[in-house]
Novice: 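Just dropping this structure here.
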Amino acid sequence: MSKKFHVTGNCIQDRHYMVDTGKKIDNITQDYIDQGCYFTINRARQYGKTTTLYLLEQNLKDKYIVLSLSFECADEYFKSAQNLVEGLMMDISDSLEAQGISPEILKEWNKPVSERFPLRTLGSRITGLCRSCDRKIVLMIDEADKSSDNQIFLSFLSLLREKYQKQLAGKDCTFYSVILAGVYDIKNLKLKLHPNEESRNNSPWNIAADFRVDMSFSADEIASMIREYEADYRTGMDILQMSQSIYEYTAGYPYLVSRICQLIDERVAGSMIYPDKKSAWTAEGFLEAIRILQKEPNALFDDMIKQLREYPKLKKMLENILFQGARYTFEADSQMISLGIMFGFLKEKNNTVIVANRIFETKLYNFFLSEEESNKKISDISDNDRNLFIVHGMLQMDLVMQKFYEYFESVFGKTDDKFIEEEGRRIFLMYLRPIINGTGNYYIEAQTRDKTRTDVVVDYKGQQFIIELKLWRGPKYHQNGHVQLAEYLEHYHCEKGYLLSFNFNKNKKTGVTENICNGKRILEVIV
């Protein structure tokens with residue numbers, strides 16, 4: 001059976017193309033498990049947690065007894081302490097039996113549970129089990145945060161903590177290492193609560209070591225997966241360039257990495273424009289996969305929208321970052337920043353928070369813009385004129401900029417300056433999006449986005465357009481903008497770029513002109 005790219009559930013090495021995470025697994029084993037640590041792997045949705053636990057289990061099973069459990073389908077466990085204990089004991093019994101544990105040990109483990117003191121019974125059984133086995137025992141629980149705000153779960157954590165501390169003092173015997181995996185940080189249950197609920201104290205999981213292993217994929221790690229694919233299909237792709245492109249768009253988010261590869265292999269290859277794998281694994285085929293990804297419904301994007309609706313303050317923070325270039329200083333104790341990082345929407349860079357990757361940025365832009373399209377007619381105007389902008393299948397960006405100027409002057413020319421300063425970029429993107437939607441892609445260059453400058457990069461059927469959006473800050477600053485854009489065009493190997501300036505001076509001169517700067521042609525629109 002040939003291998004496939006895989007994005008749902010465990011990745012199995014013999015069946016799926018996988019990034020080589022051997023070094024990560026060795027690091028977790030040596031730095032955490034072999035040291036007897038209790039710790040939590042809390043990462044965003046579809047960030048490879050389940051696969052990591054599976055690979056850890058395979059790596060540990062010769063040295064340890066590994067109890068690998070999941071709370072994914074265990075809702076009934078948390079109806080009572082009795083249910084939880086009996087459910088855990090059944091799951092652990094199955095795991096022990098599968099690993100060939102002696103019938104005598106299993107018989108002792110499976111004795112009836114005290115109805116009055118179920119958790120105390122569980123504690124005693126754990127002690128007996130760990131003393132009876134000839135190897136240390138590692139407990140792993142996936143989806144551990146599913147009921148982490150439930151008092152019964154907190155009681156279970158308290159039991160594990162009590163036994164851990166007694167073992168350190170030489171007064172008990174218990175699991176050597178415990179790993180709890182989930183999205184929410186079990187050490188901080190305040191983040192699990194709904195916005196309107198009161199804060200509660202942190203969980204009893206304060207014994208956990210800080211888990212600092214980077215679970216995102218580097219460009220080199222992505223290349224390890226693509227190299228294996230290329231050995232099977234010999235497409236002739238530039239592996240390093242393809243890996244770097246995937247990394248630039250995803251920042252190594254595991255699901256996004258695998259999904260892009262899967263789309264190229266299964267949706268792009270064999271299409272009318274890209275009839276085979278060789279034509280699909282190209283820069284153009286890669287961008288087609290990005291276009292498909294941005295339009296398709298999937299669990300990751302659905303969860304993103306759900307969280308934004310549940311946490312309106314987080315949504316507002318993201319809008320401010322994207323549309324106004326707002327800078328938020330990283331503060332671990334800020335609930336909204338912590339939530340944004342925990343959900344995978346944000347990350348810390350140079351002591352500020354930024355959107356985690358280019359895919360999420362564009363998805364968020366599209367979501368925020370689509371919410372406003374029902375209230376504004378901007379997108380309708382550009383959509384109605386779409387046939388003017390596409391000639392022989394190619395995008396006429398000069399005309400797009402000219403028509404935007406005419407539209408902006410007629411509708412917003414006399415609008416309050418403060419409003420335009422805050423909304424100008426949103427208005428332009430709302431105008432641009434329906435023109436390229438369905439055929440092209442766009443993204444915002446995060447390195448240049450601030451309160452005064454934003455660079456929009458548009459990819460359309462192999463064409464690339466660089467559009468710089470700036471606020472007017474005087475002639476000298478304006479001239480520097482030309483030089484910056486020329487340098488940026490050189491980086492992107494483009495001969496022509498576009499500069500959209502929002503000028504709020506009373507005596508401003510608006511219009512459309514074309515200039516040459518350092519050998520680069522720049523079409524400038526001043527509104």
Side-chain angles (χ1 to χ4, degrees), residues 4-12 15-19 21 40-55 69-75 141-149 180-186 191-192 194 215-217 222 225 246-247 249-268 288-312 314-315 318 339-347 355-371 441 443:
K4 296 282 188 181
F5 291 106
H6 186 66
V7 294
T8 54
N10 278 343
C11 286
I12 310 298
R15 299 174 57 187
H16 306 129
Y17 292 110
M18 293 176 59
V19 165
T21 58
T40 301
I41 302 177
N42 66 285
R43 293 293 186 273
R45 296 284 180 205
Q46 296 179 292
Y47 215 91
K49 299 182 294 296
T50 300
T51 296
T52 296
L53 292 182
Y54 169 76
L55 294 174
L69 315 180
S70 175
F71 284 165
E72 183 173 11
C73 298
D75 291 345
I141 303 180
D142 198 8
E143 301 287 345
D145 60 339
K146 188 161 186 183
S147 296
S148 60
D149 54 352
L180 305 179
V183 172
Y184 288 86
D185 184 355
I186 293 168
L191 296 182
K192 183 68 187 287
H194 295 290
M215 290 177 62
S216 65
F217 298 152
I222 296 169
M225 176 171 65
I246 293 172
Y247 179 79
Y249 271 78
T250 66
Y253 197 110
Y255 170 83
L256 296 175
V257 169
S258 294
R259 183 57 178 158
I260 289 170
C261 292
Q262 187 181 55
L263 288 171
I264 296 174
D265 181 55
E266 298 180 9
R267 296 274 299 277
V268 178
E288 176 65 11
I290 297 297
R291 185 189 68 80
I292 296 171
L293 176 62
Q294 289 289 357
K295 292 186 68 176
E296 71 174 5
N298 61 56
L300 180 60
F301 293 158
D302 289 347
D303 186 70
M304 171 187 284
I305 303 308
K306 171 189 170 185
Q307 300 298 356
L308 293 181
R309 286 173 174 155
E310 187 165 356
Y311 296 97
L314 175 60
K315 178 184 175 185
L318 288 164
L339 281 169
I341 291 175
M342 186 175 67
F343 293 146
F345 307 158
L346 297 171
K347 64 181 178 181
V355 179
N357 59 65
R358 195 176 287 173
I359 297 291
F360 280 1
E361 277 202 348
T362 306
K363 191 66 182 178
L364 288 167
Y365 274 117
N366 287 339
F367 171 64
F368 293 143
L369 293 173
S370 66
E371 281 196 320
N441 307 294
Y443 66 88

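Please read all numbers here as calculations on a predicted model, not as lab measurements.
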Novice: What closest approach, in Å, do C11 and T51 show between heavy atoms, and which atom pair accounts for it?
Specialist: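 Nearest heavy atoms, C11 then T51: N-OG1, 3.2 Å.
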Novice: With side-chain contact (heavy atoms from CB on, under 4.5 Å) as the test, would you mind laying out the steps for L53 and I41 before giving the verdict?
Specialist: CA-CA 9 Å; L53 292 182; I41 302 177; 4.3 Å; yes
Novice: How far does CD1 of I290 sit from CG of L256, to the nearest 0.5 angstrom?
Specialist: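 Spacing of CD1 (I290) from CG (L256) equals 8.5 Å.
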Novice: Report the distance from atom OG1 of T52 to atom CG of N10, rounding to the nearest 0.5 Å.
Specialist: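 With rounding to 0.5 Å, OG1 (T52) is 9.5 Å from CG (N10).
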Novice: Would Y311 and L339 satisfy side-chain contact (heavy atoms from CB on, under 4.5 Å), going step by step from the backbone distance to the final call?
Specialist: CA-CA 9 Å; Y311 296 97; L339 281 169; 3.6 Å; yes
Novice: For a quick test of reading the model, state the closest non-hydrogen atom pair linking A289 to V268 and the distance between them.
Specialist: N-CG2, 3.9 Å
Novice: Measuring from M304:CE to Q307:CD, what's the distance to the nearest 0.5 Å?
Specialist: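 With rounding to 0.5 Å, CE (M304) is 10.0 Å from CD (Q307).
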Novice: Please report the closest heavy-atom contact between I12 and M18, naming both atoms and the distance.
Specialist: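 Where I12 meets M18 most closely, the heavy atoms are C-SD, 3.7 Å.
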Novice: Could you tell me if the side chain of Y253 sits less than 4.5 Å from the side chain of L300, heavy atoms only?
Specialist: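 L300 reaches Y253 side chain to side chain.
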Novice: Please report the closest heavy-atom contact between K146 and F71, naming both atoms and the distance.
Specialist: CD-O, 3.4 Å
Novice: Residues two or more places apart in sequence or in another chain: which of them pass salt bridge (Lys or Arg N to Asp or Glu O under 4.0 Å) with E72?
Specialist: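 Once residues adjacent in sequence are excluded, E72 has no partner under the salt bridge (Lys or Arg N to Asp or Glu O under 4.0 Å) criterion.
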Novice: Quick check against the 3.5 Å criterion: does D145 have a side-chain atom that pairs as donor or acceptor with the backbone of Y184?
Specialist: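 Side chain of D145 to backbone of Y184: a pair is present.
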Novice: Using atom types as modelled and distance alone, determine if a side-chain donor or acceptor of K363 lies under 3.5 Å from a backbone N or O of Q294.
Specialist: yes
Novice: With sequence neighbours left out, write down each residue that passes salt bridge (Lys or Arg N to Asp or Glu O under 4.0 Å) with R259, or none if nothing qualifies.
Specialist: E296
Novice: Roughly how far, to the nearest 0.5 Å, is OG1 of T250 from CG of L293?
Specialist: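 It is 10.0 Å, given to the nearest 0.5 Å.
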Novice: If you apply the rule side-chain contact (heavy atoms from CB on, under 4.5 Å), what do you find for M225 with F5, and how did you get there?
Specialist: CA-CA 9 Å; M225 176 171 65; F5 291 106; 3.9 Å; yes
Novice: Hey, would you say the F367 and F301 ring centroids sit under 6.0 Å apart?
Specialist: no
Novice: To the nearest 0.5 Å, how far apart are OH in Y47 and CZ in F343?
Specialist: 15.5 Å
Novice: Atom CD1 of I246 and atom CD1 of I260: how far apart are they, to the nearest 0.5 Å?
Specialist: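 Output value for this atom pair is 6.0 Å.
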Novice: Show your reasoning for whether side-chain contact (heavy atoms from CB on, under 4.5 Å) applies to Y249 and N357.
Specialist: CA-CA 6 Å; Y249 271 78; N357 59 65; over 6 Å; no
Novice: Which heavy atom in A251 sits nearest to a heavy atom in S216, and how many Å separate them?
Specialist: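 Looking at all heavy atoms of both residues, the shortest contact is O-CB, 3.8 Å.
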Novice: Closest approach of L308 and K315, non-hydrogen atoms and distance?
Specialist: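 Of all heavy-atom pairs spanning L308 and K315, the closest is O-CB, 3.7 Å.
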Novice: Using the six-membered ring wherever Trp is involved, compare the ring planes of H6 and H16 and label them parallel, tilted or perpendicular (cut-offs 30° and 60°).
Specialist: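 Parallel: the ring planes of H6 and H16 meet at under 30°.
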Novice: Can a donor-acceptor pair be found, under 3.5 Å and without considering hydrogens, that links the side chain of K347 to the backbone of A356?
Specialist: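 Answer holds: yes.
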Novice: Does a side-chain N-to-carboxylate-O contact under 4.0 Å join R291 and E288?
Specialist: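 A salt bridge links R291 with E288.
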Novice: Taking side chain as C-beta onward, heavy atoms only, is L318 less than 4.5 Å from L346?
Specialist: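 Of all side-chain heavy-atom pairs linking L346 with L318, at least one is under 4.5 Å.
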Novice: Can you sort out the partners of T50 under side-chain hydrogen bond (donor to acceptor under 3.5 Å, both in side chains), two or more places apart, ordered by chain and number?
Specialist: D142
